[in-house]
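The shown structure was predicted, so the numbers you read here are calculated from the model rather than taken from an experiment. Lettering follows sequence order; numbering is per chain, from 1.
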Amino acid sequence: MSDSAETPNLMEALVSLAKRRGFIYASSEIYGGLNGFFDYGPLGTELKRNIRDCWWRDMVQRRDDIVGIETSIIMHPKVWEASGHVAGFSDPLVDCKVSKQRYRADQLFWSPVVVDGKIVGYVSALESEKTVEELQAAAETFKRKKAITGALAPVVAKDFTEASEAEIPLIPSPATGEPGSLTAPRAFNMMFQTNVGAMSDASSVAYLRPETAQGMFVDFKNVVDTTRVKLPFGIAQIGKSFRNEITPRNFIFRSREFEQMEMEYFIHEDADWAKCHEEWITWCETWLKSIGLPASHLSRYTHPKEKLAFYSRGTVDIMFKYPFGVQELWGIAARGSYDLTQHANASGKPQELFDEASKKKFVPHVIEPAVGVDRIFLAVLAAAYAVEDVKDEKGNVEQRTVLRLSPRLAPVKVAILPLLKNKELLTNRAKALHAKLQKRYAVQYDDGGAIGKRYRRQDEAGTPWCVTIDFDTIEKPGDTFTLRERDSMAQRRITEAELFALLDEQVY
RNA sequence: GCGGGUAUAGCACAGUGGUAGUGCACCAGUUUUCCAAACUGGCCACGCGGGUUCGAUUCCCGCUACCCGCUCCA
């Protein structure tokens, strides 16, 4: 028996299964696909919906301190100026054509070498604690090698975004030390632009949101004024976001259109934000385990202070061991009062609460757990996938592909199978049960092929239980069915009432 | 975006300068009393565009997508 960790080319197997069983298709596939976009098929749509529903129930409906909203994808462009995304949500990149190295332009520093007031050449260095020293040393070496005499001026460290067109070909590549191989920085904003209204001009430019969070900040006062929430409280939202990623990769892990589940938890400015931050990290970890992700695949990554995003005072990522490596799943950021303050300044509308104790107004601080539905989907799929060796009655070893999805997430909760297709007594009873279950649960009726084949088919779809209507059901007293469990393949007899009780308990 | 690789049916793979097969899956039927049974029949593909050629799925070029690196985020 092998589990997912030992399966070679697990990603290929997942992509293949996802396609084969209708979980995920490439977007616009008949036109050759579109990089960074995906469609969810019938089973995938159910699974994704279940992920959203579980999160919403646990995050919003089962709590007293969190409310939900749904804001528009296109917001006033000033939202993104205030949030910092127009200016800061870009990564200008520079390529060295010789060494094939790629640098972020804002991390690649350079300086003219000035001798006796004249520019005699250029030096470069990568961002570090000693960038200026390195540049100075490089300038001295340059002067010596070129046998230039005169007074060397101190270097002036500038990053590559400040290099002019004329200067770019003169600046040496950090990799080769020779000028001429660096490209101009390609700086583009990761936000998708569009135009509102029929006229396309500068005044109509708008953006598809790159995160749902700003909706919560912009509607902060509305929620406070209309819902009687009291600190600490949270506002949650699930919705699509869009980022024009340079390199979409790893199936649905990094795509250009994705779905976020974000919650902004507002706390008093004097509250212990670090403690609250830690509590939310723990909450997220617990929740991930509750939907079936193994603790062994989860870890934490604390962002070093100097590399924090522009809005963050502290960020911890919950990492997941995907088939392609340990990568981010859930980011929990302490955003301070950054966003509300920015919007207060930009809009001229104060985003404050009144503190009854101190009789003073203050801007709340915020802790933000932000997770991608698609990433959870991928993590869940990877963790659930298993190929097992099973022995048939003759002792022959066969392989069984099974998705061990939690019953909460499984696209189909129960499959109802008449043992035989051509015996009306069986099919009628099965159809009656199916109709009854269908009112409350996602269930499937299947009478195609041999019973064993149908079990395996449901295993691949992740259906936790199969119910078989057999001859004992109609011939023996008690009206019982065979209940077959996906993971153990064990069978037992169960009544209709017991079946409903089982589902009520396990499916939520 | 740069470098390397790949692209044949729903999935996994063969194969050929004269338009393609296999397994599984799927559909119809016969059969079948619990773990991918059997038989019969059926559906379905050379990623897209151009070039060379009498003829291109095969050779060449471009594009697109996917995979592996550089880089990045949910």
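Put simply, NZ on A:Lys421 is 16 Å from C1' on B:A37, counting in whole angstrom units.
Using atom P as the reference point in both B:G4 and B:C43, the two lie 43 Å apart (nearest Å). B:C70 sits 44 Å from B:A20 when the P atoms are compared, rounded to a whole Å. The C1' atoms of B:C13 and B:A45 are separated by 13 Å, rounded to the nearest whole Å. Here the separation of B:C39 from B:C46, taken at their P atoms, is 29 Å to the nearest Å.
A side-chain donor from one of A:Gln214 and A:His343 sits under 3.5 Å from a side-chain acceptor of the other.
Applying the ring pair (Phe, Tyr, Trp, His ring centres under 6.0 Å) rule to A:Trp280 yields the partners A:Tyr265, A:Trp283; only residues at least two apart in sequence or on another chain are considered. The ring pair (Phe, Tyr, Trp, His ring centres under 6.0 Å) check on A:Tyr455 picks up nothing, with sequence neighbours excluded. Partners of A:Arg20 according to the side-chain hydrogen bond (donor to acceptor under 3.5 Å, both in side chains) rule, which considers only residues two or more places apart in sequence or in another chain, are A:Glu460. Legend: residues meeting ring pair (Phe, Tyr, Trp, His ring centres under 6.0 Å) with A:Phe258, ordered by chain and number and at least two apart, are absent. Residues satisfying the side-chain hydrogen bond (donor to acceptor under 3.5 Å, both in side chains) criterion with A:Gln327, sequence neighbours excluded, are absent altogether.
Within residues 485-493 of chain A, the residues that have a heavy atom under 4.0 Å from RNA chain B are, in order of number, A:Met489, A:Gln491. Sorted by residue number, the members of residues 449-464 of chain A with any non-hydrogen atom under 4.0 Å from RNA chain B read A:Ala450, A:Ile451, A:Gly452, A:Lys453, A:Tyr455, A:Arg456, A:Arg457, A:Glu460.
Among residues at least two apart or in separate chains, side-chain hydrogen bond (donor to acceptor under 3.5 Å, both in side chains) pairs with a member in residues 369-379 of chain A are A:Tyr40-A:Asp374. The stretch residues 18-38 of chain A participates, sequence neighbours left out, in these ring-ring contact (aromatic ring centres under 6.0 Å, His included) pairs: A:Phe38-A:Phe251. Pairs of residues two or more places apart, or lying in two chains, that qualify as salt bridge (charged side-chain N to carboxylate O under 4.0 Å, His left out) and include a residue from residues 481-490 of chain A are A:Arg404-A:Asp487, A:Asp459-A:Arg484.
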Are any protein N/O atoms closer than 3.5 Å to N/O atoms in nucleotides 65-67 of chain B? If there are, list each pair with its distance.
unit_1: B:A65; atom_1: OP1; unit_2: A:Asn35; atom_2: N; d: 3.1
unit_1: B:A65; atom_1: O4'; unit_2: A:Gly32; atom_2: O; d: 3.1
unit_1: B:C66; atom_1: OP1; unit_2: A:Asn35; atom_2: OD1; d: 3.4
unit_1: B:C66; atom_1: OP2; unit_2: A:Asn35; atom_2: OD1; d: 2.8
unit_1: B:C67; atom_1: OP1; unit_2: A:Phe251; atom_2: N; d: 3.4

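Remark: A:Thr302 OG1 to A:Ile281 CD1 distance equals 7.0 Å, nearest 0.5 Å.
Counting any heavy atom pair closer than 4.0 Å across all strands shown, A:Leu329 reaches sugar-phosphate atoms only and no base atom.
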Nucleotide pairing, RNA chain B (Watson-Crick or G-U, distances under 3.5 Å), in dot-bracket with [ ] and |: (((((((..((((....[..)))).(((((.......)))))....(((((..]....))))))))))))....
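Between A:His297 and A:Phe320, the ring planes lie tilted relative to each other; the angle falls in the 30° to 60° range.
Contact of A:Gln327 with B:A74 (side chain to base): no donor-acceptor pair of N or O atoms is detected under 3.5 Å.
Phosphate contact (OP1/OP2 of B:G10, side-chain N/O of A:Lys19, threshold under 4.0 Å): absent.
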